[in-house]
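Okay, structure first, notes after.
Numbers here are sequence positions counted from 1.
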Amino acid sequence: MLSLFFDALCPHRCIACDQICHLDTFCKHCRPLLEASNLNSLFLFQGPWRKAIQQAKFKPDEIRARRLVRFACHQSFPWDAKQFQGITFVPIHWRRRIQRGFDLSGLFASALAKQLKLPVLDLVRSIRFEPPSTLKKNREERILSLKHRFQSRSCHLGPLRLLLVDDVSTTGATLQTVARLLTQDGHAVQTYSLAQTPKK
C-alpha cells in the first residue's frame with residue numbers, strides 16, 4: 001500500500017521521453033525501439049537509447065545515468081565473467097567530472113563490476129581537457145584529439161585480463177587508444193560500450 005502511495009506521489013518516468021510509465025526504465029513505447037548492437041556494444045546509439053544517454057551526460061542528470069546503467073547491467077552479458085580479472089573504464093577529465101558531477105563510463109564500470117562480481121580498477125586518467133569526442137566530425141579528427149590525451153596509472157598487480165568499458169563508441173578510436181595503453185602495460189583487453197553509433 002505504501003509503495004502505491006509513493007508511485008502516485010513520484011511516478012516512474014521513462015528515461016528517454018520522460019513520460020510517466022509503469023516500467024522502471026523505459027516506457028512501453030520506447031522499449032521496443034531499442035536496437036541491439038554487436039558483441040562489443042549493448043545497443044545502437046539511436047532512438048530512445050541515444051536520447052537517454054545524451055540527457056544523462058549533457059543535462060547532466062546523475063539519477064537518469066544511474067537508472068540507465070542499471071538497466072544496461074540487467075541485459076545479457078556476451079562473455080563468461082570468469083575470463084576477466086577486473087573492469088576498467090575510459091575516464092573523462094577531472095574538470096568535466098566536476099562539471100557533470102559523475103562519469104557515465106565510471107558508473108557503468110561500477111554497476112557492471114557489481115553485477116559480475118569483479119573489481120573496478122582505475123588504470124587510466126585523462127590529462128587533457130577537450131570538448132566531448134562525440135562532437136568531432138570524423139575518425140581523423142577524433143584520432144588527432146586523442147593524441148596524448150590519456151595516461152596509464154602505475155599498477156603493481158601484474159598483467160591482467162581486463163574488460164574496458166566506455167559509454168559511446170562512434171569510430172572506436174577512443175577505446176582503441178585506451179586499450180593500446182593498457183596493452184603496452186602488459187594487460188589483455190576486451191572492449192565493451194553502452195552504445196555503438198550505427199555505421200553509415
Main-chain N/O of Thr191 paired with Asn40 side-chain donor or acceptor, under 3.5 Å: yes

Non-hydrogen side-chain atoms of Lys114 and Lys117 separated by less than 4.5 Å: no

Aromatic ring proximity, centroids under 6.0 angstrom, Phe129 and Trp94: no

Aromatic plane relationship, Trp49 with Phe71 - under 30° parallel, 30 to 60° tilted, over 60° perpendicular: tilted

Intermediate values then yes/no, side-chain contact (heavy atoms from CB on, under 4.5 Å), Phe108 and Phe89: CA-CA 8 Å; Phe108 182 37; Phe89 58 96; over 6 Å; no

Side-chain (Gln85) to main-chain (Arg161) donor-acceptor, under 3.5 angstrom: yes

Heavy-atom side-chain contact between Leu121 and Ile87 under 4.5 Å: no

Pairwise distance OG(Ser169) to OH(Tyr192) - rounded to 0.5 angstrom: 12.5 Å

Pairwise distance CG(Leu68) to CG(Leu104) - rounded to 0.5 angstrom: 6.5 Å

Within-4.5 Å side-chain heavy-atom neighbours: Leu175 and Leu164: yes

Test item: Leu116 and Phe77 side chains (from C-beta on) under 4.5 Å apart, heavy atoms: yes

Side-chain heavy atoms of Val124 within contact of Val90, under 4.5 Å: no

From CA spacing to verdict: side-chain hydrogen bond (donor to acceptor under 3.5 Å, both in side chains), Ser41, Ser193: CA-CA 5 Å; Ser41 192; Ser193 63; 2.9 Å; yes

Test log, rule side-chain contact (heavy atoms from CB on, under 4.5 Å), inputs Asp122 and Thr88: CA-CA 6 Å; Asp122 190 7; Thr88 191; 5.6 Å; no

Side chain Asp103, main chain Pro91, donor-acceptor under 3.5 Å: no

Validation row: Gln99, Arg95 side chains within 4.5 angstrom (heavy atoms): no

Arg31 charged N/C atom sitting above Phe26 aromatic ring, 6.0 Å / 45°: no

Check: His187 side chain, Val189 main-chain N or O, donor-acceptor pair, under 3.5 Å: no

Verdict with supporting geometry, Ser105 and Asp166, side-chain hydrogen bond (donor to acceptor under 3.5 Å, both in side chains): CA-CA 5 Å; Ser105 297; Asp166 198 5; 2.9 Å; yes

Check: Ala16 main-chain N/O paired with Gln55 side-chain donor or acceptor under 3.5 Å: yes

Value rounded to 0.5 Å, distance of CD in Gln83 from CG in Leu118: 10.0 Å

CD-NE2 distance between Gln115 and His74, expressed to the nearest 0.5 angstrom: 5.0 Å

Criterion salt bridge (Lys or Arg N to Asp or Glu O under 4.0 Å) on Arg64 and Asp18, from CA distance to verdict: CA-CA 10 Å; Arg64 190 188 303 263; Asp18 282 326; 3.2 Å; yes

side-chain contact (heavy atoms from CB on, under 4.5 Å) evaluation trace for Leu107 with Arg66: CA-CA 7 Å; Leu107 289 181; Arg66 289 185 180 278; 3.5 Å; yes

Side-chain touch Arg100/Lys57, heavy atoms, less than 4.5 angstrom: yes

Min side-chain heavy-atom separation Phe102-Arg97 under 4.5 Å: no

Nearest non-hydrogen partners of Phe84 and Leu163, listed with the distance: CD2-N, 3.8 Å

